[in-house]
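Below is one structure, written out as structure tokens, with a few remarks after it.
Please read all numbers here as calculations on a predicted model, not as lab measurements. When a ligand or atom number is given, it counts from 1 through the structure's own listing order.
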Amino acid sequence: MRIDVMTLFPDFIAQAAAVGVVGRAQERGLLSLHGWNPRDYASGGYRRVDDRPFGGGPGMVMMVEPLLACLTAVRGADPAPAPVIYMSPQGAPLTQKKARELAALPRMILLCGRYEGVDERFLKAHVDEELSIGDYVLSGGELAAAVVIDAVGRLQDGALNDADSAVQDSFEGDGLLDCPHFTHPSSHPLGDVPAVLRSGDHAAIARWRRQQSLGRTARRRPDLLDEGSLSKADKALLTAFRDQETGEGGAG
Ligand code: ADE
């Protein structure tokens with residue numbers, strides 16, 4: 001997949017995507033990331049990209065012309081069709097489902113705003129969708145774009161070493177939170193690893209993990225769980241989880 005990012009800080013995007021799984025995806029040729037700076041397409045000695053808002057008020061607004069010239073260059077660099085996605089707190093929330101949809105595209109163009117925002121005429125004419133990474137305001141779209149690149153980059157086929165590990169993630173498949181994980185040592189002053197995980201009984205382990213996912217989701221993110229539509233087996237696992245919790249004094 002190819003991702004083009006229109007940003008006044010292309011170095012930041014490159015660095016954020018250089019490490020870990022996404023860095024490896026780039027090295028493996030699964031993801032190609034290209035930064036484009038609208039300032040390089042601005043005219044005049046000052047290469048101005050922003051101006052005062054009509055109607056007055058604080059802050060500056062990113063101007064149409066440098067963005068238009070920049071987008072023309074971005075489109076010209078590759079013929080593959082690509083939606084333009086503007087990172088904005090007013091956008092649709094980024095979800096794992098959305099990340100999967102984007103990951104299946106051949107290409108996308110991310111637009112990062114700075115200052116008070118982008119001239120509405122550019123957004124109306126050239127932006128296909130707006131995406132938000134949460135209900136808070138960042139000082140620019142770069143951190144949000146880096147989040148999208150990470151969520152989408154790790155889903156490229158071959159990016160994760162264990163193909164299963166994306167399927168087990170929180171929000172994948174049935175939308176439940178992930179179960180807890182443990183590694184060596186099995187015994188430690190902070191506690192012992194649950195015996196079932198060391199039992200070698202794969203069916204029992206799968207059941208325990210399912211139960212933990214259900215229980216955690218019910219406790220931490222009840223908004224993600226439609227208890228009425230759970231299978232009988234899942235309902236029984238959840239009831240047992242709750243009984244155990246009560247038995248332990250409700251902790252966990
Ligand atoms: N730009 C500023 N705040 C943002 C947010 N919450 N999500 C996406 N882009 C943003």
Side-chain angles (χ1 to χ4, degrees), residues 1-22 31 33-42 48-55 57-68 70-71 74 82-105 107-156 169-172 175 177 220-221 223-224:
M1 176 180 198
R2 173 178 175 133
I3 304 180
D4 296 279
V5 189
M6 292 169 59
T7 166
L8 295 172
F9 302 99
D11 291 350
F12 173 84
I13 298 288
Q15 283 185 25
V19 298
V21 172
V22 177
L31 182 72
L33 191 59
H34 305 265
W36 301 82
N37 192 339
R39 203 176 291 285
D40 295 339
Y41 300 86
R48 188 161 191 185
V49 292
D50 62 316
D51 208 336
R52 288 188 303 267
F54 275 110
M60 302 290 268
V61 177
M62 288 178 77
M63 297 160 73
V64 168
E65 279 303 328
L67 291 172
L68 269 184
C70 185
L71 181 59
V74 175
V84 177
I85 301 173
Y86 176 45
M87 305 313 307
S88 155
Q90 298 180 29
L94 176 68
T95 59
Q96 189 62 24
K97 180 167 172 271
K98 184 69 194 174
R100 280 225 170 261
E101 284 167 22
L102 295 175
L105 297 176
R107 186 186 183 197
M108 67 179 170
I109 301 168
L110 302 180
L111 169 63
C112 303
R114 279 271 150 183
Y115 317 117
E116 283 307 296
V118 173
D119 191 304
E120 189 68 19
R121 291 167 293 183
F122 181 83
L123 299 181
K124 209 162 170 223
H126 291 288
V127 166
D128 297 291
E129 52 184 294
E130 299 191 16
L131 264 189
S132 166
I133 62 160
D135 290 342
Y136 40 80
V137 179
L138 304 168
S139 53
E142 283 75 14
L143 276 166
V147 167
V148 172
I149 292 164
D150 193 286
V152 166
R154 65 188 289 282
L155 292 176
Q156 298 302 303
D169 284 340
S170 292
F171 310 115
E172 286 290 357
L177 300 185
R220 300 180 185 197
R221 291 292 305 273
D223 55 304
L224 296 176

When you compare the side chain of R52 with that of M60, does any pair of heavy atoms fall below 4.5 Å?
yes

Shortest protein heavy-atom distance from atom 3 (N) of ligand 1, along with the residue and atom involved:
L138 N, 3.0 Å

May I ask you to check whether V137 has an N/O atom sitting below 3.5 Å from an N/O atom of ligand 1?
no

Could you list which atoms of ligand 1 come closer than 4.0 Å to a heavy atom of A144?
8 (C), 9 (N)

What is the closest protein heavy atom to atom 4 (C) of ligand 1, and at what distance does it sit?
P89 CD, 3.5 Å

Could you go step by step and tell me if F171 and L224 meet the side-chain contact (heavy atoms from CB on, under 4.5 Å) rule?
CA-CA 9 Å; F171 310 115; L224 296 176; 3.6 Å; yes

Less than 4.5 Å apart, side chain to side chain, heavy atoms only: is that true for L67 and D119?
no

For residues M62 and R114, report the shortest heavy-atom separation together with the two atoms involved.
SD-N, 3.4 Å

Is the closest N or O pair between G134 and ligand 1 shorter than 3.5 Å?
yes

Would you say G113 touches ligand 1, if touching means a heavy atom closer than 4.0 Å?
no

Minimum heavy-atom separation for A103 and L155, please, with both atom names.
CB-CB, 3.8 Å

Note: A146 and F12 closest approach over all heavy atoms is CB-CE2, 4.5 Å

Only heavy atoms of L131, strictly under 4.0 Å: list the atoms of ligand 1 that pass.
8 (C)

What I want to know is whether G141 and ligand 1 share at least one N or O pair that is separated by under 3.5 angstrom.
no

If you scan protein heavy atoms around atom 6 (N) of ligand 1, the nearest is Y136 O, 2.8 Å

Can you tell me if Q90 has over 12 outside heavy atoms packed within less than 6.0 Å of its CD?
no

Would you indicate whether the side-chain heavy atoms of L102 and I85 approach each other to under 4.5 Å?
yes

Atoms of ligand 1 under 4.0 Å from any heavy atom of S88, numbered from 1 in the order shown, are 7 (N), 8 (C), 9 (N), 10 (C)

Considering only the protein, which heavy-atom contact is closest to atom 7 (N) of ligand 1, and what is its distance?
I133 N, 3.0 Å

